[in-house]
Amino acid sequence: MYRITSPNSSIDTIKQIFNSKKTTINLFKNKELEYIINSDKSKLSNNNKILELIGNVELKTVLQNNDILFSDYFIWNMDDSTYLLKGNIKFENENIILTSNEATLGSDNIIEFFNPVKYIIKKNNKSMYEISSENAFYNIKTKALIFKSTNERVRSKIYF
């Protein structure tokens, strides 16, 4: 279940597309708020099955404190509950920063980051450890992180 709010919305009656500005989306699971998503603009199309968020997309997890996912572009396919993020993707919480140009988030609460992926462990706002990889998988609920590369090695840097 979801709720979309916007101070400015219009509908293209020919194409059946809802256009909104300064969109806020609340996603619920079992009537409990799970995610809050904000963006500059949005389009709801294809019989209310595809939602596109454009510009300064920010996804906050409600159940996990301080987990925020940023991107330039976000597509939600409501039929299979998958989310595609593109452009300047950054996941950040109190301990880590993951960056990439493309990622997916599935209903299993696992974010898959695609090549290239950069990972930084934070400690007192300083970089302590960096990893570069082709792909990374982050489980929002368990906070587990897996790195995978098929063509290149996973590269690490440690700062002392």
Exercise. Do the rings of Phe74 and Tyr83 sit parallel, tilted or perpendicular, given the 30° and 60° boundaries?
Worked result: tilted
Exercise. Quick one: which of Phe137, Tyr119, Tyr138 gives a ring pair (Phe, Tyr, Trp, His ring centres under 6.0 Å) with Phe147?
Worked result: Tyr119
Exercise. If you group Ile, Leu, Val, Met, Phe, Trp and Tyr by side-chain heavy-atom gaps below 4.5 Å, do Ile111 and Phe114 land in one group?
Worked result: no
Seminar exercise, completed: Value for OG (Ser39) from NZ (Lys22), rounded to nearest 0.5 Å, stands at 10.0 Å
Seminar exercise, completed: When Val62, Asp67, Asn109 are each screened for side-chain contact (heavy atoms from CB on, under 4.5 Å) with Tyr35, the one that passes is Asn109
Exercise. Less than 4.5 Å apart, any side-chain heavy atom of Met78 and any of Asn48?
Worked result: no
For this session: For Ser6 and Lys21, indicate whether the former's side chain and the latter's backbone hold a donor-acceptor pair under 3.5 Å.
Result: yes
Exercise. Are Ile68 and Val57 joined in one hydrophobic group, where the rule is that I, L, V, M, F, W and Y side chains link up if heavy atoms are under 4.5 Å apart?
Worked result: no
Seminar exercise, completed: Taken to the nearest 0.5 Å, the spacing of Asn26 CG from Asn38 CG works out to 8.5 Å
Exercise. Looking only at heavy atoms, what is the nearest atom pair of Val117 and Glu134, with distance?
Worked result: CG2-O, 3.6 Å
Problem set entry | ILVMFWY network linking Met1 to Ile36, side-chain heavy atoms under 4.5 angstrom | yes
For this session: Could you walk me through whether Asn95 and Lys143 pass the side chain to side chain contact (heavy atoms under 4.5 Å, CB included) test, one step at a time?
Result: CA-CA 10 Å; Asn95 299 313; Lys143 298 187 184 258; 5.6 Å; no
Problem set entry | Separation between CZ of Phe28 and CD of Glu34, rounded to the nearest 0.5 Å | 11.0 Å
For this session: Please check if Leu145 and Phe113 belong to a single hydrophobic cluster, counting links between Ile, Leu, Val, Met, Phe, Trp and Tyr side chain heavy atoms closer than 4.5 Å.
Result: yes
Exercise. So do the side chains of Tyr73 and Leu84 get within less than 4.5 Å of each other, counting heavy atoms only?
Worked result: no
For this session: Using modelled atom types only, decide if a donor and an acceptor are shared between the side chain of Asp108 and the backbone of Ile110 within a distance under 3.5 Å.
Result: yes
Problem set entry | Residues forming a side-chain contact (heavy atoms from CB on, under 4.5 Å) with Asn101, sequence neighbours excluded | Pro116
Problem set entry | Student check: side-chain heavy atoms of Asn77 and Ile50 closer than 4.5 Å | yes
Exercise. Out of curiosity, Ile97 CD1 to Lys118 NZ, how far, rounded to the nearest 0.5 Å?
Worked result: 12.5 Å
Problem set entry | Within-4.5 Å side-chain heavy-atom neighbours: Ile25 and Leu27 | yes
Exercise. Tell me, do Lys41 and Asn19 make a side-chain contact under 4.5 Å, heavy atoms counted?
Worked result: no
For this session: Write down the atom of Thr13, the atom of Gln16, and the distance for their closest heavy-atom approach.
Result: O-NE2, 2.7 Å
Exercise. Which heavy-atom pair separates Ser45 from Glu52 by the least distance, and what is that distance?
Worked result: OG-OE2, 4.4 Å
Exercise. Excluding sequence neighbours, so at least two apart, what forms side-chain contact (heavy atoms from CB on, under 4.5 Å) with Asp72?
Worked result: Asn88
Exercise. Would you find a donor on one side and an acceptor on the other, under 3.5 Å apart, between the side chain of Ser133 and the backbone of Lys148?
Worked result: yes
Exercise. To the nearest 0.5 Å, what is the distance between CG (Leu44) and NZ (Lys49)?
Worked result: 10.5 Å
Exercise. Rounded to the nearest 0.5 Å, how far apart are CZ of Arg3 and CG of Leu33?
Worked result: 7.5 Å
Exercise. Should Ile140 and Ile96 be counted in the same cluster of Ile, Leu, Val, Met, Phe, Trp and Tyr side chains packed under 4.5 Å apart?
Worked result: yes
For this session: Indicate yes or no: at least one non-hydrogen side-chain atom of Ile37 is less than 4.5 angstrom from one of Tyr2.
Result: no
